[in-house]
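Naming convention: chains lettered A, B, ... in sequence-line order (proteins, then strands); numbering from 1 in each chain.
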Amino acid sequence: MATETLTMAKALTLGLAAAMQADEKVILMGEDIGPLGGVFRVTEGLQQQFGAHRVLDTPLAESGIVGTAIGLAMRGYRPVVEIQFDGFIFPAFDQITTQLAKLTARHEGALQLPVVIRVPYGGHIGAVEHHQESPEAYFAHTAGLRLVSPATPHDAYWMIQQAIASTDPVMFFEPKSRYWPKGEVDLGSPGIELHASRVVRAGTDVTVVGHGAMVSMLLDAAEVAAEEGTSIEVVDLRSLSPIDYVPLLDSVRRTGRLVVAQEAPGSVSIGSEIAATVTEKAFYSLEAPVLRVSGYDTPFPPAKLEGAYLPDVDRILHAADRALAY
Amino acid sequence: MATETLTMAKALTLGLAAAMQADEKVILMGEDIGPLGGVFRVTEGLQQQFGAHRVLDTPLAESGIVGTAIGLAMRGYRPVVEIQFDGFIFPAFDQITTQLAKLTARHEGALQLPVVIRVPYGGHIGAVEHHQESPEAYFAHTAGLRLVSPATPHDAYWMIQQAIASTDPVMFFEPKSRYWPKGEVDLGSPGIELHASRVVRAGTDVTVVGHGAMVSMLLDAAEVAAEEGTSIEVVDLRSLSPIDYVPLLDSVRRTGRLVVAQEAPGSVSIGSEIAATVTEKAFYSLEAPVLRVSGYDTPFPPAKLEGAYLPDVDRILHAADRALAY
Amino acid sequence: MSYTPETLQLLAPDGTRVASDATEAYLPYVDALTEQQLREFYRTMSVIRRFDIEAGNLQRQGQLALWIPSLGQEAAQVGSGFAARAHDHIFPAYREHAVGHIRGLDVVQIIKMLRGLTHGGWNPAETGNFHLYTLVIGSQTLHATGYAMGLRFDGLVGTGDPEKDTAVLVYFGDGATSQGDVNEAFVFAQSYQTPQVFFLQNNHWAISVPVRVQSRTPLFHRPRGFGIPSVQIDGNDVLMSYAATAASLDAARAGEGPQFIEALTYRMGAHTTSDDPTKYRDDDELHYWQERDPISRFEAYLRGLGESEAFFTEVHDEAEQFASEARARTLALEPPAAESMFAHVYSQPHPTMDAQRQALADYEASFEGGA
Amino acid sequence: MSYTPETLQLLAPDGTRVASDATEAYLPYVDALTEQQLREFYRTMSVIRRFDIEAGNLQRQGQLALWIPSLGQEAAQVGSGFAARAHDHIFPAYREHAVGHIRGLDVVQIIKMLRGLTHGGWNPAETGNFHLYTLVIGSQTLHATGYAMGLRFDGLVGTGDPEKDTAVLVYFGDGATSQGDVNEAFVFAQSYQTPQVFFLQNNHWAISVPVRVQSRTPLFHRPRGFGIPSVQIDGNDVLMSYAATAASLDAARAGEGPQFIEALTYRMGAHTTSDDPTKYRDDDELHYWQERDPISRFEAYLRGLGESEAFFTEVHDEAEQFASEARARTLALEPPAAESMFAHVYSQPHPTMDAQRQALADYEASFEGGA
Ligand SMILES: Cc1ncc(C[n+]2csc(CCOP(=O)(O)OP(=O)(O)O)c2C)c(N)n1
Ligand SMILES: Cc1ncc(C[n+]2csc(CCOP(=O)(O)OP(=O)(O)O)c2C)c(N)n1
Ligand SMILES: [Mg+2]
Ligand SMILES: [Mg+2]
């Protein structure tokens, strides 16, 4: 099948449509996902295509949306929930962590809960409070959930379909600043499984790892570093829970140095976990401590300060330099 | 003033009473905290003593309790909220993380939010689902909150008063398996500030750190290890956010080895953060990676399995041995 | 917050039938009940009460972590439980032992949960569509509503075919009405016009908190503000509980949207075995409700209908038998293997689970090696 | 979900006064209004509408991240805003620019927030007790209820002393009524009988979702089920909005417990400048509401009372002036210093904030050094 050049938003639309086509039990639920097509237009046209019973504009209540999605999954549906913005997922936190995440265990496997929760997340879009957060750590600490985040249109197209096919709940984090840049999508094959991480640029001096919107920034940083004579290997995490440590540890064993980059605050985060685990598993290979580049441990600041708050190419390079200085 | 021998539950009752006596703006809110005195009897007698307007049996709605506590704090009150059990805090998650934690920043300092949220937490009590969890990582990842957890009746008595005196929101984690053992309480002086950690047993071979109910277990482990010829230094974290790293780094620089113990699942947890930070700050001192002993990354299992799920003396010693084997 | 002029009732506390204009519409449901069914009502209430007492004893003897008594609420549960059809789905809170029993749930499953062996662990497909208990107050109301949305999307509402039309029956308590989730369930249910009956057991207490703290207004007024029709019934009257639930389920299945029943009843025992009700409530209230006991009331009614002494003796013996079997089976229960905690966190293979299962096994093996 | 026979109204869309039995009780409030006050209503509505348009332009010109128009909702806001006493407390959602203006909030504070310079950042003690905007739908209703609980605990209710008795006025939208938090606010408000008025601006849309998705039943029925009295008013009638709010606040301050007003109005513009309403609603509806415009209706009323052309010209000029000043001050706004993000996360010193502030400073200094 052909390769197409698509934005991530469009790739997601097509991925959702493909999943809905393949299985009539797949339904979409959320706020403003019907005629409006979602505030990011990811569900654009899908209500027209599949009808109002498969693309539901729900009442404005996140706990209600996730709670009823659980009930629908019990009934055999595969609900795909859209949370409008990262910062609005918290009213649903109890239903996600205490019900959705635990119900399969509570049923001792007699019940599967194939619910996908799509969360547009992250900064770089200059938006007001609650619209630029990166809440993935909360869910990565929660057993029973799977977490993934695509960095490219290709991955977005395939990973959303793989997530919907999963018989476990999947939190699907969409890096909203990457909705619009275009990329090649191979419509024929995903090429990689949902929970695998991937080396997206080979290098020898230092490894940097990140997910979502961070990946393109890491690649930019690697480019700049290369001009300055430093060879950075870039790993796209892709899956945040479980984390596929194989390529990462491989890489660290070669470079001896690791920088983890994320938009979320650093404390008690995925970055902390990667640092702790990689140090444990590759202790004798590390020439430097695993360094983290992240949002500060503050609320996401007003938009005009996001440039200072969020990791950028310079901060990534600065951390790589620090790692190399050990 | 005298020293008394008290249970932690009773020390908390007295600490709450002292705070209420000292400041009439201190009020208690929660489910069943009035005539019943709370399911753990921590507020026993306080409604009789201070009246129904200062000890409120609220409607059964955690978001409502925290949300109205915020409003009361805006009005100049100092609400102390009791969440009945760890697993029931999640309906209030949005109000805690998105409102309580952020409102001072949102007001650019014009508003202080002296709200304390008491959370009986942790296992070892053989109770049913949702009654044995350790959710502190979720809050430690959230900027704007302070988190503390006493390990002894003395600390409980003083830390609850210090928490209430704080002009920032404090999550106060009470290790429920430690409610009943008695300990000495110096009613004259706290001896240490709210956010300080403390070496509670000196040692030279390996450092172990934990909080809440874990501390007495770490001390037990150190005792056993001593008999076997290994000298363990034990650090009581006391404050989970911010973490006071000074005594810990000091200790690790001497022992070269660190084990972090906690009841919570290990992934993306306080243990991960300590491992990452200590490794970064004491890289050249570490003879072994920081090892974690924790609950597994599963939901808290049925009570009959808690013995296998929760860290115990043997698992702590096993980790210490592993650290020493590097 | 007790009986009001609006409280629907068919059996007075002394076991005599009462009639009113308001209950007229419900008579066909009651009239259609066979003697056998009436006996079944009595039998189930009696068996479950006896079992309930036994389970409380087991807890006191250290065999259970906790027991949650349903004492006093048997009529509300048995009437409503029998009103559901086999293919209806039932979402309980955590006190609906009688309903579970009616649906075919082995009560030892409840024992296992409260002994600390499982978190529920039964398969609703094998227990008459009786779903798991939910301990987090109110959460199940949204699951029920979602399930009912699914029934509607599946076209199983208002077809007129009794084999097809299906409804959901969801239980919750007076304390639960304060939770956001329960009110959101009302919102979704009315918005999607779900085939669903909300069954509120107002047992007057949420642990130590009296219902007036949750609401100064009769709780059956609440759903009306959401556009959900409601009735308040005498929940200690098994006939009324049956008839109101049957009628509401019929309406729901017929496509008339969600329905709501507030059953006034009373938690005659402690909240759980961990609770001490003497701390917060007085004997007068208990006596008031003891005089309105659901079982003795129904016994009087059956006796009035001419039921034989032999029947009551038989039920008594059956109840004893049931309880002692439950006890014996409880004592024979084995703890689960430690590695079972990794088994169903995910439905598909998961590297963290594999690694931690292995770590636990290695750790345990290290002792055997060392010994 | 438009006007019903129960909708209270004092001014018809053509600006003539209407009377009914139901509105009789409100007449004293309106009769007591001076000419000066009526002019102030008009002036405020006009100034805020003009400002609103200017802010939308500023957004389109890249000066703001977002604008949230209040176009069409001026009567609901201005009537209710003027009804509050100086010492009452107001908890807005995020669209109540007119109310803020009335209370003395500098509208450039709103601009700063939507330009991305602050998350609000004003001090309610300096803005007439007009609290911060809350962007998370419904959260503020619980804060308002807690605040009102505090007023009651402080003994500032039902004393009969107008200097003392205080109430809370809280705004929220039709979409917000579905949130658990809003319904929990009703629970707490009725349980504690708070001195509080819930003011629902039903502008018929929650972004693209019509109000019928949230509720098939008129929303002012909802609070009644919780035991909270309510009225539905024509929210585009500034006199009715004023009178209903004043009467409800009086009742709340007098100790009659929480009150509820549903103001039927219409969001005539986009949800925000990010929104495109043509995707989901048609012109007919807009035209229907344009004919019920709050400002032209009130202008007609004032003209009917004999107001001079000079007054309208003066207001027009003042509105232009107001808007152009707001523009000029917007363009002069400076971004905050980066380290300000660490300043108020905690109210007391915090080692993490100190360390990260220092790290940022060192990092920035490293460039200067390197350059
Ligand atoms: C979210 C949540 N908060 C608190 C609790 C603790 N708790 C267990 S039962 C209960 C009272 C429930 O009262 P009600 O809904 O009336 O049901 P009942 O127990 O009377 O049947 C409480 C507060 C809980 N299980 N879940
Ligand atoms: C908890 C939450 N979910 C979603 C959103 C996104 N959102 C912003 S405004 C809005 C619609 C609100 O509608 P309504 O309450 O009627 O107020 P209106 O905007 O019409 O004034 C939505 C869904 C949000 N701000 N908060
Ligand atoms: Mg109850
Ligand atoms: Mg609206």
(request) Apply the side-chain contact (heavy atoms from CB on, under 4.5 Å) test between A:Arg41 and each candidate in A:Leu12, A:Thr7, A:Leu36; give the one that qualifies. (result) A:Leu36
Would you say that [X] contacts [Y] through its side chain, given a criterion of any heavy-atom pair below 4.5 Å between the two side chains?
X        : Y        : answer
D:Arg222 : D:Thr177 : yes
A:Met29  : A:Tyr77  : no
A:Ile96  : A:Met171 : yes
D:Thr272 : D:Trp67  : no
A:Met214 : A:Pro311 : yes
D:Trp205 : D:Tyr280 : yes
D:Val209 : D:Gln214 : yes
D:Leu333 : D:Val108 : yes

(message) With a 3.5 Å distance limit and no angle check, can you tell me whether D:Ser215 reaches the backbone of D:Val211 through a side-chain donor-acceptor pair?
(response) no
(message) Treating A:Glu263 as the side-chain partner and A:Gly123 as the backbone partner, does any N or O pair qualify as donor plus acceptor under 3.5 Å?
(response) yes
(request) Determine the sole option in D:Arg267, D:Gln73, D:His271 for which the side chain to side chain donor-acceptor pair (under 3.5 Å) test with D:Asn203 is passed. (result) D:Gln73
If you count heavy-atom pairs within less than 4.5 Å of chain D, which of [options] leads?
options                              : value
A:Tyr309, A:Tyr296, A:Phe300         : A:Tyr296
A:Lys304, A:Glu306, A:His131         : A:Lys304
A:Pro59, A:Pro91, A:Gly64, A:Pro302  : A:Pro302
A:Ser267, A:Pro301, A:Gly37, A:Ser63 : A:Pro301

Part of [X] lying under 4.5 Å from any heavy atom of chain A:
X        : answer
D:Asp181 : neither
D:Ile207 : both
D:Met113 : backbone
D:Leu117 : both

(message) Let's test your reading of the structure: which of D:Leu114, D:Leu135, D:Thr352, D:Ile137 forms the most heavy-atom pairs below 4.5 Å with chain A?
(response) D:Leu135
(message) Would you say the rings of D:Phe172 and D:Phe91 are close, in the sense that their centroids are separated by under 6.0 Å?
(response) no
(request) Considering only heavy atoms, give the residues of residues 313-326 of chain A separated from chain D by less than 4.5 Å, sorted numerically, with 'none' for an empty result. (result) A:Asp314, A:Arg315, A:His318
(request) Report, by ascending residue number, the residues of residues 43-58 of chain A in heavy-atom contact with chain D at a distance under 4.5 Å; give 'none' if the set is empty. (result) A:Glu44, A:Asp57, A:Thr58
Measure [X] against the heavy atoms of chain D and call it side chain, backbone, both or neither at under 4.5 Å.
X       : result
A:Gln84 : side chain
A:Glu62 : both
A:Phe88 : side chain

(request) Answer yes or no: is there an ion pair linking D:Asp354 with D:Arg357, defined by an N-O contact shorter than 4.0 Å? (result) yes
(request) Kindly give the heavy-atom pair with the smallest separation between A:Leu100 and A:Ile70, and that separation in Å. (result) N-CD1, 3.6 Å
